[in-house]
Amino acid sequence: MPDQGPPVAIRGDLDTTVRSLMSELDALSRIIADARQEVAALRADDSDIADIPGATDELAAIVSHTAQATHEILDSCEALETVSARVGDADAEVLQGAITRIYEACSFQDITGQRIAKVVAALQAVERRIARARQGLPDRLPIVAATASLLNGPQLPGNGISQSAIDALFD
Amino acid sequence: MSIDRNMKVLVVDDYKTMTRIIRNLLKQIEFNETDEASDGHEALAKLRAGNFGLVISDWNMQPMTGLDLLKEVRADARLKHLPFIMVTAESKTENVVAAKQAGVSNYIVKPFNAETLRDKIEKVLVHA
């Protein structure tokens, strides 16, 4: 028996759905075309665009300067540790406690460095996408290809789990 | 059970400041025999060449991550029982679970303090 397709009532519903989908696709297509025109109209010397490479350089410099400063703080701590070995027990204990707290606090450089690296990667991705869009090339690359194999880095407060929750997984 | 504080500890992190901080903290709790590596490949080579008693590793490193290093260690007949602590900013539950499934001995989330480091080291070495 030949296939007569869906009943008329269902076919009517399908036609409406298809028309609605086509309309949505047309609207999306117009939005993309408009966005492409706007991006193509951007000039490389437009301040918003021209600032991106500079911004990434500035952020990289922050990481470099904080690393340098942290090493200098650690140099000073190590010098203090040699002194603490030559003073009395009570003073040595106070010194060691203070040095430990400085070491703990210095781990900020690792956390801020990872956060800034994420921002740099995002800015570089925006820069690459704008450059590709201006050339009219298809965009087939993932947004942050260079760091795709890495994880998310430091979580914002409330997004990760606490050390005590992690401990519970190991108890 | 006493802990052998003369054992060699390998600290693995691509941030030089972090390896320096951890090594200094280890020194404060009397682990003086420490060495460092800046990624998983370098760490694995050092572990296979040397006689280490503990690994303290970051997760986010390239080209070989801390998780990949952990898997390589657990797959190596000579290293598979080596205590391995992950010290990382990755605090998503799925990451902790993935590390545990791969055989991590304990997991410390950054930023951490000296007390937490000492506590976890003692815990894994007592159970090693």
Side-chain angles (χ1 to χ4, degrees), chain A residues 63-64 66-75 77-78 80-82 84-85 92-93 95-115 117-118 146-171, chain B residues 13-30 32 39-40 58-68 85-101 103-120 123-124 127:
Chain A
V63 174
S64 172
T66 56
Q68 192 181 340
T70 307
H71 278 298
E72 284 174 21
I73 293 168
L74 294 175
D75 286 343
C77 282
E78 286 164 9
L80 284 173
E81 279 194 297
T82 60
S84 78
E93 194 178 329
L95 265 176
Q96 281 298 327
I99 291 165
T100 301
R101 286 195 297 280
I102 295 171
Y103 286 149
E104 290 168 357
C106 280
S107 66
F108 84 93
Q109 200 271 327
D110 175 71
I111 303 289
T112 54
Q114 288 191 48
R115 288 197 191 284
K118 283 168 69 178
T147 55
S149 63
L150 295 181
L151 295 165
N152 299 313
Q155 268 71 59
L156 289 169
N159 286 352
I161 58 173
S162 65
Q163 182 66 54
S164 57
I166 291 169
D167 291 347
L169 292 169
F170 286 86
D171 288 338
Chain B
D13 201 308
D14 55 352
Y15 276 77
K16 177 71 184 165
T17 49
M18 206 62 218
T19 52
R20 200 170 162 190
I21 289 166
I22 294 175
R23 289 182 76 178
N24 280 331
L25 289 172
L26 286 170
K27 200 172 154 192
Q28 289 196 336
I29 55 175
E30 295 169 351
N32 293 306
D39 74 83
D58 183 28
W59 183 316
N60 264 330
M61 299 175 292
Q62 284 189 317
M64 185 192 273
T65 68
L67 185 67
D68 292 335
I85 298 177
M86 194 78 85
V87 180
T88 174
E90 299 296 336
S91 59
K92 293 273 189 189
T93 307
E94 56 265 35
N95 298 338
V96 184
V97 170
K100 196 177 179 198
Q101 285 173 343
V104 79
S105 310
N106 217 310
Y107 196 103
I108 299 174
V109 65
K110 293 177 185 172
F112 61 94
N113 58 35
E115 185 63 34
T116 302
L117 183 65
R118 178 172 38 216
D119 178 55
K120 303 307 173 204
K123 197 171 270 184
V124 302
H127 290 105

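Order of the sequence lines fixes the chain letters, A, B, ..., with proteins taken first and strands second; residue numbering starts at 1 for each chain.
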Considering all heavy atoms, the nearest [X]-[Y] contact:
{"X": "T17(B)", "Y": "L74(A)", "answer": "O-CD1, 4.1 Å"}
{"X": "A89(B)", "Y": "I111(A)", "answer": "CB-CD1, 4.2 Å"}
{"X": "V109(B)", "Y": "Q163(A)", "answer": "N-OE1, 2.8 Å"}
{"X": "K100(B)", "Y": "F170(A)", "answer": "CG-CE2, 4.1 Å"}
{"X": "A114(B)", "Y": "T100(A)", "answer": "CB-CG2, 3.5 Å"}

* Non-neighbouring partners of K110(B) that pass salt bridge (Lys or Arg N to Asp or Glu O under 4.0 Å), sequence neighbours left out ->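 Scan of K110(B) (salt bridge (Lys or Arg N to Asp or Glu O under 4.0 Å), adjacent residues dropped) gives D110(A), D13(B), D58(B).
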Counting only heavy atoms closer than 4.5 Å, note whether [X] contacts chain A via side chain, backbone, both or neither.
{"X": "K16(B)", "value": "both"}
{"X": "T88(B)", "value": "neither"}
{"X": "L117(B)", "value": "neither"}

* Asked: So how far is it from Y15(B) OH to T70(A) OG1, rounded to the nearest 0.5 Å?
  ->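 Rounded to the nearest 0.5 Å, the OH-OG1 separation comes out at 11.0 Å.
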* Asked: Could you give the distance from CD1 (I21(B)) to CD (E104(A)), rounded to the nearest 0.5 Å?
  ->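 Reported value, rounded in 0.5 Å steps: 10.0 Å.
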* Partners meeting side-chain hydrogen bond (donor to acceptor under 3.5 Å, both in side chains) with D119(B) (sequence neighbours left out) ->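 Listed in chain order: nothing, the list is empty.
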* **Test side-chain hydrogen bond (donor to acceptor under 3.5 Å, both in side chains) applied to N106(B) - qualifying residues, sequence neighbours left out** =>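 Result, side-chain hydrogen bond (donor to acceptor under 3.5 Å, both in side chains) vs N106(B): none returned.
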* Answer yes or no: are there more than 12 heavy-atom neighbours, outside E93(A) itself, under 6.0 Å from its atom CD? =>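 No, not enclosed.
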* Asked: Checking heavy atoms, do the side chain of L169(A), its backbone, both or neither come under 4.5 Å from chain B?
  ->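 Contact with chain B involves both backbone and side-chain atoms of L169(A).
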* Indicate yes or no: at least one non-hydrogen side-chain atom of D75(A) is less than 4.5 angstrom from one of R20(B). =>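 D75(A) vs R20(B): side chains touch.
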* Asked: Considering only heavy atoms from C-beta outward, does the side chain of D171(A) approach that of K123(B) to under 4.5 Å?
  ->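 When only atoms from C-beta onward are counted, K123(B) and D171(A) do touch, with a gap below 4.5 Å.
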* What residues of residues 22-30 of chain B sit under 4.5 Å from chain A when only non-hydrogen atoms are counted? ->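 Hits under 4.5 Å: N24(B), L25(B), Q28(B).
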* Hey, is the main chain of M18(B) close enough, under 3.5 Å, to the side chain of Q109(A) for a donor-acceptor pair? ->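 Such a contact is absent between Q109(A) side chain and M18(B) backbone.
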